[in-house]
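What follows is a set of notes on a single structure, which appears directly below.
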Amino acid sequence: MTGSAVCQTSRPIPDAGCAIEARSLHVYYGIFRALKDVDLQIERQKITAIIGPSGCGKSTMLRSFNRMNELVPSCRTEGKVMFRNRNIYDSGVDPVEVRRRIGMVFQRPNPFPKSIYENIAWGARINGYRGHLDELVEESLRLAALWEDVRDKLQQSALALSGGQQQRLCIARAIAIRPEIILMDEPASALDPIATLKIEELMRELAERYTFVVVTHNMQQAARVSHQTAFFMMDADRAGYLVEQGPTRDLFTNPRDRRTEDYITGRFG
Amino acid sequence: MNRCPSAVSSINLPEGDDLRDFIAGRHARGRLWSTALLASTILAVIALTALLVNIVDGASGFVAIENAVDPQSLSVDGIALQDLESETLIQIIGSHVSAAVVRRLESEQPLAKRSRQDLYELVIERVVKPEVKQGWTLSESIFGREEIQVVVAEQYPKAQLVFRSWLSLDFLTSPQSSVPERAGVRTALLGTLWTLLITIALAFPLGVGAAVYLEEYAGDTFLNRIIRTNINNLAGVPSIIYGLLGLAIFVRSCAPITSGAAFGRGDPTTANGRTILSAGLTLALLVLPLIIINAQEAVRSVPRSLRYGSLSLGATQWQTIRSHVLPQALPGILTGTILAMSRAIGETAPLVVVGATTYIVIDPSGPFSKFTTLPMQIYQWTARPQADFRRIAAAASLLLLVLLLAMNATAIVLRNHHSQKGCL
Amino acid sequence: MTGGSEDLAPRARSATGGRFLQQSHDLRKRPRPGDMLVQGLLFFCGAVSILTTLGIVYVLGRESLLFFTHKGVSLLEFFTSTTWQPSIGKFGVWPLVTATLMTTGFAMLIALPLGLAVAVYLSEYASARARNILKPVLEILAGIPTVVYGYFALSFMTPLLRSIFGRDVVSIYNTASAGLVMGILILPLISSMSEDALSAIPRSLREASYALGATRLETAVQVVLPAALSGVTAAVIVALSRAIGETMIAALAAGAGPAFTINPFRPAETMTGHMVRISSGDISYDSMDYDSIFAIGSLLFVLTLTLNVVSRRFVARFREVYE
Ligand SMILES: Nc1ncnc2c1ncn2[C@@H]1O[C@H](COP(=O)(O)OP(=O)(O)OP(=O)(O)O)[C@@H](O)[C@H]1O
Ligand SMILES: [Mg+2]
């Protein structure tokens with residue numbers, strides 16, 4: 001019964017409210033504390049941006065939302081991450097299922113060295129997809145605005161695509177298994193401005209259905225795409241903490257915290 | 001189902017209980033396989049253990065020894081045999097050994113002039129004549145002690161059961177013999193040392209030179225590319241092919257040189273090219289690619305900035321290499337060389353082809369001597385059908401492994417020492 | 001500006017090394033015979049490897065040619081006949097080749113699944129500590145001289161096989177025992193090289209797989225292993241070539257006499273085993289025996305060289321993608 005309550009309901013809970021939430025989260029690498037006492041709510045079907053200076057734990061924060069941190073042997077997590085009324089760090093929760101529900105797109109595009117088709121089909125296949133694969137591949141590629149680029153070369157290696165195309169393929173791969181939340185760690189940092197715009201557009205479109213959490217170094221990008229913004233800093237021990245969180249427009253125009261203002265106006269960091 | 005205005009459709013993935021069962025199934029399969037993988041790894045380690053245990057097991061154990069004459073009966077006036085004076089020992093030899101044999105022994109070296117120890121060994125060899133009737137492995141000796149005693153009592157009533165370690169000081173210092181109990185590896189060890197000496201003297205400078213050439217001088221020309229590819233391919237040539245090369249070139253074509261005849265130093269009794277020199281040259285060619293590849297890596301790991309620093313002071317390229325690059329790369333080069341030598345020390349096939357000698361009791365005295373080496377000795381002893389030869393083959397293998405371990409340990413220490421220095 | 005007139009300039013600038021500094025004003029290229037000599041010597045060192053190869057090709061080629069010009073020996077018979085009996089002038093290489101294939105087959109039967117399993121385990125499952133212990137242990141296994149493995153085959157594997165399958169089924173010398181022990185020998189070769197290939201796969205690929213909800217097994221077998229396939233293939237081919245050229249185990253345990261049989265429990269001499277046995281007697285040069293081992297050697301050389309070249313192709317392809 002307690003096996004995995006995360007999957008009790010089969011369809012996403014209706015719009016309003018919080019998709020995932022960190023409560024008093026501490027993350028350690030060995031004895032080094034990378035995140036200190038973070039309370040962060042991510043709103044459903046919105047785009048939340050995480051900003052902050054380099055090394056303040058943004059990636060760590062993101063990776064603790066789908067338990068990717070536990071692939072780092074020295075990493076230890078304290079506190080809770082609530083997802084569907086369940087702490088995903090509970091001993092009864094299966095990280096495999098968590099990651100099936102919460103997808104991720106990485107900073108550098110990392111397609112599998114397989115064909116474009118396989119890149120998308122594989123995730124669905126291991127997750128027990130029983131429908132028509134060709135359709136799924138096409139739909140996912142269309143959603144990621146990649147279909148027109150690759151429709152004639154589905155069987156070619158994904159490594160032959162350009163960086164921007166590869167990144168869109170990674171997004172297509174993530175949405176192919178219909179996660180509820182998609183985590184993105186600086187998804188556009190390796191891309192040129194045009195490819196970046198394409199991806200931002202894509203996120204805004206998909207946000208009607210999915211919840212996005214995006215780490216970015218680019219203030220304009222955060223201001224452009226996100227609905228919500230969370231600002232992180234690190235203290236004297238280099239432990240990261242959440243400074244403030246709020247609707248993007250408010251945070252950029254009228255920050256409550258002095259440090260936020262300094263950061264977004266470029267006075268430090 | 002299509003709540004969303006966007007084109008995203010729902011897809012048919014397992015949900016709820018289905019999902020739970022599905023994931024549980026995948027995990028079960030994962031556990032099964034990870035157990036299988038772990039089991040394979042353990043099996044591989046067991047194989048290594050079995051190999052080592054098998055050798056240690058064979059290298060010592062009970063033997064039933066039967067003496068032609070009981071040594072106790074040879075004691076004179078209550079003085080045990082091993083404490084007797086030379087004169088008494090000569091008397092014993094005279095009274096137990098036929099006159100013809102005594103004459104032969106006298107002609108080899110007069111008995112009166114031999115040391116007491118030599119005489120004692122002669123008495124053991126000629127009079128007491130201990131003979132190993134049967135030997136047991138270490139495990140048999142430990143777990144089947146009673147049965148062994150029964151067997152000995154029944155089959156060899158006159159025999160004594162003693163525990164024997166075949167790898168002993170005697171084993172190290174005795175020359176080869178056709179009787180396993182008295183055979184040793186002295187000639188083989190010396191042969192191995194001589195061969196290694198020649199191998200290293202040739203392969204080390206050549207290998208380091210080639211590595212420096214390839215890393216520091218060679219441009220990306222056709223010829224240099226060929227040399228690079230060629231070295232990698234040579235490293236994969238089976239060692240017996242090197243044996244054929246050595247046989248045709250060093251042993252046969254260069255016989256006047258390798259036999260020493262050209263220098264008037266040859267062994268008149270054999271006067272052919274099957275000498276330590278040929279063996280050393282063959283092994284040198286065999287390990288050369290390994291030394292080059294390792295040395296290349298060591299030279300490559302020296303930072304560029306060091307070279308620039310030296311060149312910017314107006315040093316020539318060779319000055320830079322000699323006083324900066326090589327000293328930095330030396331520990332790495334040495335480590336690689338030791339590893340290559342540990343390959344050379346165990347090589348058997350090419351030496352059997354080049355050396356082809358089976359039975360040598362005279363210590364090798366230089367590059368033009370006939371020779372045998374430790375692994376050749378193991379090969380020949382293992383190939384004999386008698387069980388006792390297996391025992392000394394095991395003892396010699398153990399010795400070889402110990403030598404190898406020592407060499408590898410040296411290489412590791414060298415490497416660690418170097419990497420510690422690198423951190424400072 | 002700086003002509004050749006430096007020698008005429010006053011030499012009184014400074015007592016210490018004025019001349020030395022003056023010389024360095026001349027930017028003309030200077031011949032450096034010492035450096036040229038060194039470079040020439042170093043080039044010679046590099047060229048020795050070419051000479052070695054040429055030597056091997058020359059020796060094998062010449063003696064094989066001699067062999068095939070002997071009366072009663074033909075290339076056709078060499079490659080088609082199934083009898084190798086020099087005493088009656090039969091020189092068909094097939095008995096030796098089948099024995100080699102059998103030992104190699106048994107070796108791969110052991111080493112391929114186990115070696116790959118060990119590699120996957122070490123790179124994907126084992127903790128860093130376990131890996132740091134196990135990898136060197138397996139490398140020790142690879143460093144043990146093959147003659148010791150030969151001893152092991154005769155004194156452990158053969159008795160083991162005989163006690164399992166019966167003494168009348170399994171001969172004292174047989175290809176199965178030699179092949180199995182050869183498998184233990186090349187296992188670390190496969191596992192070590194494959195492990196290198198697997199751990200060269202970037203972490204990001206594994207993370208991509210986990211982020212899709214893959215289990216560890218699915219990541220290892222369906223993502224990492226295929227990605228490292230060319231590297232793993234290279235390892236397997238190198239191991240194959242090593243098994244074919246492996247000599248002492250075959251010479252000691254497989255049997256001393258060419259026999260055309262596919263019964264793994266019967267004795268049969270491999271190509272390498274035959275070469276060792278023939279040459280370990282004091283053979284006279286110019287005899288049929290002498291020439292015949294070079295003919296076999298040529299075949300062995302061509303086989304292993306081909307495999308090595310193919311393996312390097314795979315390595316190059318792997319590097320292209322991941323380095
Ligand atoms: N695998 C790890 N092992 C040890 N420490 C780590 C590891 N990953 C991150 N850290 C440390 O944790 C802190 C936060 O790292 P993180 O990658 O989350 O920062 P970030 O905010 O994403 O930085 P950036 O903007 O540069 O990507 C840093 O001090 C980093 O050194
Ligand atoms: Mg980051």
Side-chain angles (χ1 to χ4, degrees), chain B residues 26-27 29-30 33-34 36-38 40-41 43-45 47-48 50-51 54 58 206 209-210 212-214 217 227 230-234 236-238 240-241 244-245 247-249 252 285 288-289 316-318 342 346 348-349 352-353 356 375 378-379 382-383 390 393-394 397 400-401 404 408, chain C residues 32 35 38-39 41-43 45-46 48-50 52-53 55-56 59-60 63 114 117-118 120-121 125 134 137-138 140-141 143-148 150-152 154-156 184 187 215-217 238 241 245 247-248 252 272 275-276 279-280 282 285 293-294 297 300-301 304-305 308-309 312:
Chain B
R26 283 158 67 202
H27 278 312
R29 218 165 29 243
W33 275 94
S34 76
L37 293 175
L38 178 63
S40 308
T41 310
L43 205 63
V45 174
L48 172 65
L51 179 71
N54 180 245
L206 276 181
V212 168
Y213 173 74
L214 289 175
Y217 288 97
I227 295 184
N230 182 51
I231 287 171
N232 284 314
N233 282 334
L234 274 183
V237 170
I240 191 164
I241 301 283
L244 294 183
L245 177 70
L247 176 63
I249 301 279
R252 190 178 173 190
L285 291 187
L288 194 57
T316 64
Q317 193 167 7
W318 172 240
S342 65
T348 321
V352 170
V353 175
I378 298 172
Y379 167 54
T382 308
R390 290 281 166 79
S397 300
L400 186 58
L401 292 187
L404 274 173
N408 281 315
Chain C
R32 299 188 200 281
D35 270 27
V38 165
Q39 191 169 348
L41 272 178
L42 293 179
F43 172 76
C45 296
V48 166
S49 72
I50 299 268
T52 309
T53 310
I56 290 176
V59 163
L60 291 179
E63 304 293 334
L114 279 187
V118 171
V120 171
Y121 182 79
Y125 285 82
L134 282 173
V137 164
L138 289 175
I140 293 179
L141 197 60
I144 293 176
T146 56
V147 67
V148 176
Y151 169 83
F152 180 63
L154 265 191
S155 64
F156 180 84
I184 300 177
L187 187 157
T215 63
R216 194 187 275 254
L217 176 74
V238 162
S241 135
T247 308
M248 294 323 289
L252 278 169
T272 51
M275 286 154 77
V276 163
S279 59
S280 67
D282 231 340
Y285 312 136
I293 59 173
F294 283 87
L300 185 67
F301 180 68
T304 51
L305 187 70
N308 286 329
V309 168
R312 294 197 58 74

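Predicted model, so just to flag it, every value in this text is computed and none were measured. Note: hydrogens, waters and symmetry copies are ignored here, and every other heavy atom, side chains too, is used. Sequence lines set the chain letters: A, B, ... in the order given, protein chains first and strands last, and positions in each chain run from 1.
Ranked by heavy-atom pairs shorter than 4.5 Å toward chain C, the options L43(B), N408(B), V212(B), I241(B) are led by I241(B). In terms of non-hydrogen atom pairs under 4.5 Å with chain B, the most contact-rich of I140(C), V48(C), I50(C) is I50(C). Of the listed residues (S342(B), A349(B), A393(B)), the greatest number of heavy-atom pairs within a distance under 4.5 Å of chain C belongs to A349(B). For chain C, the option among G58(B), G346(B), P289(B), A36(B) with the highest count of heavy-atom pairs below 4.5 Å is G346(B). Put simply, of L214(B), L288(B), V237(B), the one with the most heavy-atom pairs under 4.5 Å next to chain C is V237(B). When G143(C), S241(C), S155(C) are compared by the number of non-hydrogen pairs under 4.5 Å with chain B, S155(C) comes out ahead.
For T304(C), the part lying under 4.5 angstrom from a heavy atom of chain B is the side chain only. With a 4.5 Å cut-off on non-hydrogen atoms, I184(C) touches chain B through its side chain but not through its backbone. In this structure, the portions of I56(C) lying under 4.5 Å from any heavy atom of chain B include both its backbone and its side chain. Residue R312(C) touches chain B through its side chain alone, counting heavy-atom pairs closer than 4.5 Å. The contact between L404(B) and chain C is made entirely by side chain atoms (from C-beta outward), counting heavy-atom distances below 4.5 Å. Using a 4.5 Å cut-off between heavy atoms, T247(C) contacts chain B through its side chain alone, with no backbone atom that close. For L41(C), no part sits under 4.5 Å from any heavy atom of chain B, backbone or side chain. Only the side chain of L138(C) comes within contact range of chain B, with heavy atoms under 4.5 Å apart. If you measure heavy-atom distances from L42(C) to chain B, the contacts under 4.5 Å come from both the backbone and the side chain.
A heavy-atom distance below 4.5 Å is not found between the side chains of V148(C) and P375(B). Residues L244(B) and M275(C) are in side-chain contact: their nearest non-hydrogen atoms beyond the backbone lie under 4.5 Å apart. The side-chain heavy atoms of Q317(B) and V38(C), taken from C-beta on, include no pair separated by under 4.5 Å. Proximity of L51(B) to I144(C): side-chain heavy atoms (C-beta onward) are separated by under 4.5 Å at one or more points. Within the 4.5 Å cutoff, the side chain of S49(C) has heavy atoms near those of the I227(B) side chain. Between V309(C) and N233(B), some side-chain heavy-atom pair lies under the 4.5 Å cut-off. Two residues are said to be in side-chain contact when any heavy atoms from C-beta on lie closer than 4.5 Å; P238(B) and T272(C) fail this criterion.
The only member of L60(C), T53(C), V59(C) that meets side-chain contact (heavy atoms from CB on, under 4.5 Å) when paired with L245(B) is V59(C). Paired with Y125(C) under the rule side-chain contact (heavy atoms from CB on, under 4.5 Å), one option of L37(B), T41(B), L38(B) passes, and it is L37(B).
Put simply, CG on N54(B) and OH on Y151(C) are 5.0 Å apart, with the number rounded to the nearest 0.5 Å. Between T52(C) atom OG1 and L285(B) atom CG the span is 4.5 Å, to the nearest 0.5 Å. Residue T382(B) holds its OG1 atom at 13.0 Å from CZ of F152(C), rounded to the nearest 0.5 Å. Atom CH2 in W33(B) sits 12.5 Å away from atom OG1 in T215(C) (nearest 0.5 Å).
Closest approach of G236(B) to N308(C), counting heavy atoms only: O-ND2, 3.0 Å. Looking at every heavy atom in both residues, L141(C) comes nearest to A44(B) through CD2-O, 4.1 Å. For the pair Y217(B) and Q39(C), the tightest heavy-atom approach, listed with the atom from each and the gap, is CD2-CD, 3.4 Å. Nearest heavy atoms, C45(C) versus A210(B): CB-N, 3.3 Å.
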